[in-house]
Number of protein chains: 2
Amino acid sequence: MRDVTTAATTPTRNRRNRRAEILEAAARLFAARGFHGVSIEDIGGAVGVSGPALYRHFSGKDALLAEMLLDISSRLRESAVAVATSATDPRQALDALLNVQITFAIEQPALISVHDRELGNVPEPQRRQIRRLQRLYVEEWVTVLAELHPACPAARLRAATHAVFGLLNSTPHSAGELPERDMRPLLHTMAKAAIDAAVSVR
Amino acid sequence: MRDVTTAATTPTRNRRNRRAEILEAAARLFAARGFHGVSIEDIGGAVGVSGPALYRHFSGKDALLAEMLLDISSRLRESAVAVATSATDPRQALDALLNVQITFAIEQPALISVHDRELGNVPEPQRRQIRRLQRLYVEEWVTVLAELHPACPAARLRAATHAVFGLLNSTPHSAGELPERDMRPLLHTMAKAAIDAAVSVR
DNA sequence: CATGGATGTTAGTCATCATTAACGTAGTCG
DNA sequence: CGACTACGTTAATGATGACTAACATCCATG
């Protein structure tokens, strides 16, 4: 994700994708030290500009965070919808959902961390929308699970879904324990088993 | 946890356990808004005193956080050691470890949240010790799992352990989805299944 | 009763920080 | 060329916040 569309325009440094570059750096910093633990200066410094330059790209620190969370929530939700519409049977859909979440967790650990820690710092107008997207994402999971196990009460499916997110999103914490090559199938296996256990009886 | 040992000394309010009261309130606030998102004033306010009164009990905000994390890490570790020494067979030990973690996650959600988010804000001398306790706690789990599945590589067991913590610690997020009566066995079942799946070959 | 320690209170002090102002520079396009 | 736009820069400015000082109270104990 260093130089994607650029790489041709400038000899000294990157240009254009400053916005994206800032969002990425900010995500890393927020994940490491928390929203309030990071200053505008820090973020600027991380992309080679200094401080108030950020205001050329974002209306403020809050707005930056809001855009970050809005972006990840939308992408997760979109992916889930895509899965739901394209999958032929629910079992396959569940596998695909697992892969979506695992991919995000492994490839964007910082974003995932920020996503489930910093919602409280997003100002009210946009917080509502992010919450909505998150809710819709969960509901995609619950819908698939309900098709697989119609007898299981929805509340239980929702709780199980949250637990599985916790399991999958643990990746940022256990960073480096295992190479991605092994981590990915391990998470998939564990999550699947956890779900099966959750919906079977009792 | 409102009035434990007190209740006899004062008609107006609590006395003595101010320290504990402060730690508890701070945990709740840190969990909700993050270490830097909470002011000394906020913490004081939450226990009915105002601001600098805290310095009568703690040498500073950092020290307060450090003590909080040190306390929970020790308690977790101690419980795990107790389990390991008292259990007769590893299967039973694993069940007991699961119950320990589930109990903490359900009864002290704030502490658990802070525990795996705010370590980075603890000053260096004590951070090392907390990390050490956390590592020892994980190793208790790994040891038990290794007894159950000697063929499974330790790295995989460690990764699986972290994943299970993620699953169990998701409780604070899905707060209220399900009553504790149902949540507790659900988490136990899911975690057990996830572990079994993790250690069975591939 | 006087003294001292534990616990609070309010009014600074000094940093840090988000945000704004005022002011360049480069390249684009008319 | 000229001027507009996109992006940066370095100084304010104004809040907020951690921590300290100076000053009560309460209560136990000699």
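On a predicted model such as this, the values are computed, not experimentally measured, just so you know. In what follows, every chain begins at residue 1, and chains take the letters A, B, ... in the order their sequences are listed.
Taking B/Gln134 as the reference, B/His115 meet the side-chain hydrogen bond (donor to acceptor under 3.5 Å, both in side chains) condition, with sequence neighbours excluded. In this structure A/Phe165 satisfies the ring-ring contact (aromatic ring centres under 6.0 Å, His included) test together with A/Tyr137, A/Trp141, sequence neighbours excluded. Qualifying side-chain hydrogen bond (donor to acceptor under 3.5 Å, both in side chains) partners for B/Ser86, counting only residues two or more places apart in sequence or in other chains: none. For B/Glu41, there are no side-chain hydrogen bond (donor to acceptor under 3.5 Å, both in side chains) partners at least two apart in sequence or on another chain. In this structure, the side-chain hydrogen bond (donor to acceptor under 3.5 Å, both in side chains) partners of A/Arg33, at least two apart in sequence or on a different chain, are A/Asp42.
Rounded to an integer number of Å, the gap from CZ of B/Arg19 to P of C/dG8 is 12 Å. Across the protein-nucleic acid pair, B/Arg33 atom CZ and D/dT16 atom P stand 14 Å apart, rounded to whole Å. Note: CG (A/Leu54) to C1' (D/dA6) measures 15 Å, nearest angstrom. Look at CG on A/Leu65: it is 13 Å from P on C/dA18, rounded to the nearest Å. Going from atom CG of A/Asn17 over to atom P of D/dA6 covers 16 Å, rounded to whole Å. Spacing between atom CG of A/Asn121 and atom P of C/dA18 amounts to 12 Å, rounded to whole angstrom units. As rounded to whole Å, 16 Å separates atom P of C/dA6 from atom CZ of B/Phe58. Between A/Ile22 atom CD1 and C/dA18 atom P the separation is 14 Å, expressed in whole Å.
Close to C/dG5, at under 4.0 Å from its OP1 or OP2, lies no side-chain N or O of B/Arg56.
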What nitrogen or oxygen pairs link the protein and nucleotides 10-17 of chain C at under 3.5 Å?
none

Check step by step if side-chain hydrogen bond (donor to acceptor under 3.5 Å, both in side chains) holds for B/His36 and B/Asn121. CA-CA 9 Å; B/His36 294 293; B/Asn121 291 311; 3.1 Å; yes

